[in-house]
Amino acid sequence: MKKLLAALLILALLSLSWSTVPVYAKEKVLVKEGSINARSGPGTHYDIVGKVDGGEVYTVQKKEKDWLKIQLPSGEKAWIASWLTEKAGKQEKEEGHQAAPYAKITASSLYIHEKPSLASKTIGTVTKGDTFSILKRENHWVQIQWEKNQKGWLPGWLVESVMKHTSAIHKNSKITVKEDGVALREKANASSPVKKWAKKGDTFDVVGVKKNYYEVKTGWGKTAFVAGWLVEADNKADQISPPDSLYDLTGKLILIDPGHGGNDSGTIGKNGTLEKNLTLSTAKRLKEKLESSGANVILTRNNDVYVALSERTDQAFAAQPDAFISIHYDSAEQSEVRGITPYYYHSYQKQLAKAIYQNLEEEGTLTIRDERFGDYHVLRQNSQPAILLELGYLSNPDEEDTVTSPAFQGKAVNAIYEGISQYLTGIKYE
Ligand SMILES: [Zn+2]
């Protein structure tokens, strides 16, 4: 009997360690960016019931696939996407990585409390638009510095986390896009859907600032968000600087190679996805992410043009990047074939492939095959650490649906970014 119990215990432990799910119930998670939507159920098709802000910490009550059940400050239960969060506590180890440092008051007037509780003594008032440095966050409350050497607490759900200590952007401010392929997004975060790609030299009128994004007027009568550090503000005082990020890739050069282009469409998905379009949009997302860590990033093509394989390796030879990442989507005769495969050719490329493989697996996107040898021109004729990623099968209709979703793109780009960063810095954050 004892033996049986011991065997069961070992089995239970084993199955725990097999799980790649990063978050368990009762754990605390930190919202990475936002404001992000909180929904009535575990999926993007459920109604939005509230918002949670970057920097806030929540206890996970339940997990279902990629969604976490939490309690909102209002007391209501809601679901948030796990890929927009990270384990709380992690950020303390990450020097230089911090949530938005200022609180802007959104309520018309608010009491400042002595402690992070509505029941505690009030010690002052603040009014709408006032901005304060955040000293600490606790249970949806933020501690601010409000007068010389005076500290107090504000209810975090009545303030907005902002990156800059300015209450308003200058009137009639304009921004100019610094390079080709800068995303105009629906919301102020890197996972939000792209409405349009802006070109170098495009200018926009700024209507507001949210986190480190400008909200700009678009030609089609609505507003969109653009990452502040990828554009130049006409008025220097309005310039948004790059966010503090986990990894510092300053001085690193990365060459991203979006597969195919022009009259070479690559593979065509069962539902009509053209590989050449998807590789380019993944590449641009990855570029934005790497640049936010200070890296210099070049693409072998910025738009829908044909670039020969030899031209791509010539670019690598000329630029001598620290990493070369070729992005593709796969196809097979049998529609049930699925999964991601990272390829390398030379032994000096294997470590990079391994780092990216590990992160893709940890991110839990699709089935990942071990990094493997692949005889591709862009790897073989490449003197740099280079890998080729086949990011799922467009010949499998289910997988085509998955890989074209913003959720997958966000996660895959995140994993590739982490892999590159770990490879280049030798640091791995758990
Ligand atoms: Zn391809």
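The basis for the numbers below is simple: all heavy atoms, side chains too, and nothing from hydrogens, waters or symmetry mates. First listed ligand is number 1; within each ligand, the first listed atom is number 1.
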Please report how many protein N/O/S atoms lie under 2.8 Å from the Zn ion (ligand 1).
3
Could you tell me whether the side chains of Tyr58 and Thr85 share a donor-acceptor contact shorter than 3.5 Å?
no
Mind checking what makes side chain to side chain donor-acceptor pair (under 3.5 Å) contact with Asn271, not counting sequence neighbours?
Glu400
Could you tell me whether the side chains of His377 and Thr313 share a donor-acceptor contact shorter than 3.5 Å?
yes
Test item: side-chain donor near acceptor, Lys217 and Thr223, under 3.5 Å
no
With sequence neighbours left out, the residues meeting ring pair (Phe, Tyr, Trp, His ring centres under 6.0 Å) with Tyr345 are Phe373
Hits for ring pair (Phe, Tyr, Trp, His ring centres under 6.0 Å) against Phe408, two or more places apart or cross-chain, chain-then-number order -> none
